[in-house]
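Presented below is the structure to which this report refers.
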Amino acid sequence: MKVAITGATGFVGSRLVEKLHKQGHRILVLTRNSLSAQKVFPPGAFPNIEIVTYTPTESGSWQDTLAGCDGVVNLAGEPIAEERWTSGQKQKILNSRQLGTQKIVEAIAKAHPQPSVLVNASAVGYYGTSETATFDETSSSGNDFLAQVCQAWEAEAQKVKDAGVRLVILRLGIVLGDGGALGKMITPFKLFAGGPLGSGRQWLSWIHLDDLVNLILQALTNSAMEGVYNATAPHPVRMAELSQTLGQVMQRPSWLPVPGFALEALLGDGAMVVLEGQQVMPKRTLDAGFKYEYSDLLPALSQIIR
């Protein structure tokens, strides 16, 4: 296959590129910074990769490069929990997803020959937050900021169907791997200062990075997959269990909770990403026959820490 990928240098994208490259596929990396992409994917080590510089929220000649691709994976988006949610940052978070997806769909629609599938990221934030409810792919959306972002993001992706292109939307949970959100939690545990964030009662719907990459590959290649799938493991956990299990695997105590007000002081509204959560079940993903390597937290964390 020839696959175009946005967000290819990120935590998920770089692992996806590595796997596709190992399998002998050709990859078109769409990036805002070609120099940094070349450092992540040196041409000598990744001869099957073509790097194209683009401005995600603007039309341009980069759109012509999607012609002849078999599939497109759209993972790009401004990080959500890295900075305080000022009105400017919220606009960046929304535009990077809504406009970014709009321009990808525009490119697919005018490509000749056309890609046959778009695999578009979304997030479990679509459902809003709850300590008591359980959500699956049929559940309605929430109404907080992240839910609204996900609705706008998905609405733009849906337009690719007007061009006769198969669409798979993956609502991502917290991705666990060597880096990402887990990387930030590991450091305090190494210093014997680890513990749950906030009350510990909030749900974490998570997925191991390798399972997510395999799910993206299945979405690209299985023409029966269409519509929305939750990219989460079948056994979500509460924050307290994640902390206890991480302490157990690292052989460190998990005794020092990080109070919610401390995170709110740092991130403002953005703290809700880790202080509130949702219990999300991957019903359609299981129904599609997807086989998880890591459906339980302990083996997932053991593999990552090892």
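All figures in this text were calculated on a predicted structure; none of them were measured in a lab.
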>> Run Arg238 and Glu241 through salt bridge (charged side-chain N to carboxylate O under 4.0 Å, His left out) and show every step you take.
In response: CA-CA 5 Å; Arg238 292 190 189 268; Glu241 185 181 337; over 6 Å; no
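- Ile27 pairs in a side-chain contact (heavy atoms from CB on, under 4.5 Å) with only one of the listed residues (Met1, Lys2, His21), which is His21.
- Counting Ile, Leu, Val, Met, Phe, Trp and Tyr side chains that sit under 4.5 Å apart, directly or through other members, Leu246 shares a hydrophobic cluster with Ile174, Leu176, Leu182, Met185, Ile186, Phe189, Leu197, Leu204, Trp206, Val237, Met239, Leu242, Val249, Met250, Val258, Leu263, Val274, Leu275, Leu297, Leu298, Leu301, Ile304, Ile305.
- Of the N and O atoms on the side chains of Thr138 and Asp136, at least one donor lies less than 3.5 Å from an acceptor on the other residue.
- Proximity of a side-chain donor or acceptor of Thr65 to a complementary backbone N or O of Trp62 within less than 3.5 Å is detected.
- Residues Asp210 and Lys19 fail the side-chain proximity criterion, which asks for heavy atoms closer than 4.5 Å.
- Between Trp203 and Thr129 there is no side-chain heavy-atom pair separated by less than 4.5 Å.
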>> What verdict does the side-chain contact (heavy atoms from CB on, under 4.5 Å) test give for Arg166 and Leu118, after you've listed the backbone C-alpha separation in whole Å, the side-chain angles of each residue and the deciding distance to 0.1 Å?
In response: CA-CA 6 Å; Arg166 180 169 66 90; Leu118 170 62; over 6 Å; no
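- Side chain of Thr232 to main chain of Ile207: no donor-acceptor pair is present (N/O by atom type, distance under 3.5 Å, no hydrogens or angles).
- The aromatic rings of Tyr294 and His208 lie parallel to each other, their planes meeting at an angle below 30°, with 60° marking the opposite boundary.
- Side-chain atoms of Gln63 come within 3.5 Å of backbone N or O of Gly60 as a donor-acceptor pair.
- Contact record, Leu170 with Leu172: O-CD1, 3.1 Å, taken as the closest heavy-atom pair.
- For the side-chain contact (heavy atoms from CB on, under 4.5 Å) test with Val17, the passing option among Ile5, Asn48, Val40, Thr9 is Ile5; the others fail.
- Between the side chain of Ser295 and the backbone N or O of Tyr292 there is no donor-acceptor pair closer than 3.5 Å.
- There is no side-chain donor-acceptor pair under 3.5 Å between Gln279 and Ser130.
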> So Thr6 and Val73, side-chain contact (heavy atoms from CB on, under 4.5 Å) or not? Walk me through it.
Replying inline: CA-CA 6 Å; Thr6 73; Val73 181; over 6 Å; no
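- When atom types are taken as modelled, the side chain of Trp85 and the backbone of Ile80 share a donor-acceptor pair closer than 3.5 angstrom.
- The closest side-chain heavy-atom distance from Val149 to Tyr126 is not below 4.5 Å.
- The two residues Phe46 and Phe41 come nearest to each other via the heavy atoms CD1-CA, 3.5 Å.
- Here the closest non-hydrogen pair linking Leu66 and Ala107 is CD2-CB, 3.7 Å.
- Residues meeting the side-chain hydrogen bond (donor to acceptor under 3.5 Å, both in side chains) test with Glu131, sequence neighbours left out: Arg201.
- Side-chain contact annotation: Lys291 with Asn214, donor-acceptor N/O pair under 3.5 Å absent.
- With sequence neighbours excluded, the residues satisfying side-chain hydrogen bond (donor to acceptor under 3.5 Å, both in side chains) with Gln151 are Ser141.
- You'll find the side chain of Met281 reaches within 4.5 Å of the side chain of Pro236, heavy atoms only.
- Distance alone, capped at 3.5 Å, places no donor-acceptor pair between the Glu293 side chain and the Asp211 backbone.
- Inter-residue side-chain proximity for Ser205 and Phe135 is flagged as unmet; no heavy-atom pair is nearer than 4.5 Å.
- Between Gln102 and Arg97 the shortest side-chain heavy-atom distance does not fall below 4.5 Å.
- For Tyr127, the side-chain hydrogen bond (donor to acceptor under 3.5 Å, both in side chains) partners at least two apart in sequence or on another chain are Arg171, Asn230.
- Remark: the backbone N or O of Lys283 is paired with a side-chain donor or acceptor of Glu137 at under 3.5 angstrom.
- Between Lys184 and Glu82 a salt bridge is recorded (basic side-chain N to carboxylate O distance below 4.0 Å).
- The environment of Arg84 atom CZ is dense: over 12 non-hydrogen atoms of other residues, nucleotides or ligands sit within 6.0 angstrom.
- Counting heavy atoms from C-beta on, the side chains of Val52 and Val29 never come closer than 4.5 Å.
- Residues satisfying the side chain to side chain contact (heavy atoms under 4.5 Å, CB included) test with Lys92, not counting sequence neighbours, are Glu78, Gln89.
- In this structure, Phe11 has no ring-ring contact (aromatic ring centres under 6.0 Å, His included) partners at least two apart in sequence or on a different chain.
- Counting only heavy atoms from C-beta outward, the side chains of Phe145 and Lys90 approach each other to under 4.5 Å.
- Judged by distance alone, with hydrogens and angles left aside, the side-chain atoms of Arg26 form no donor-acceptor pair with the main-chain N or O of Val3 at under 3.5 Å.
- No single ILVMFWY cluster, assembled from side-chain heavy atoms under 4.5 Å apart, contains both Val117 and Ile108.
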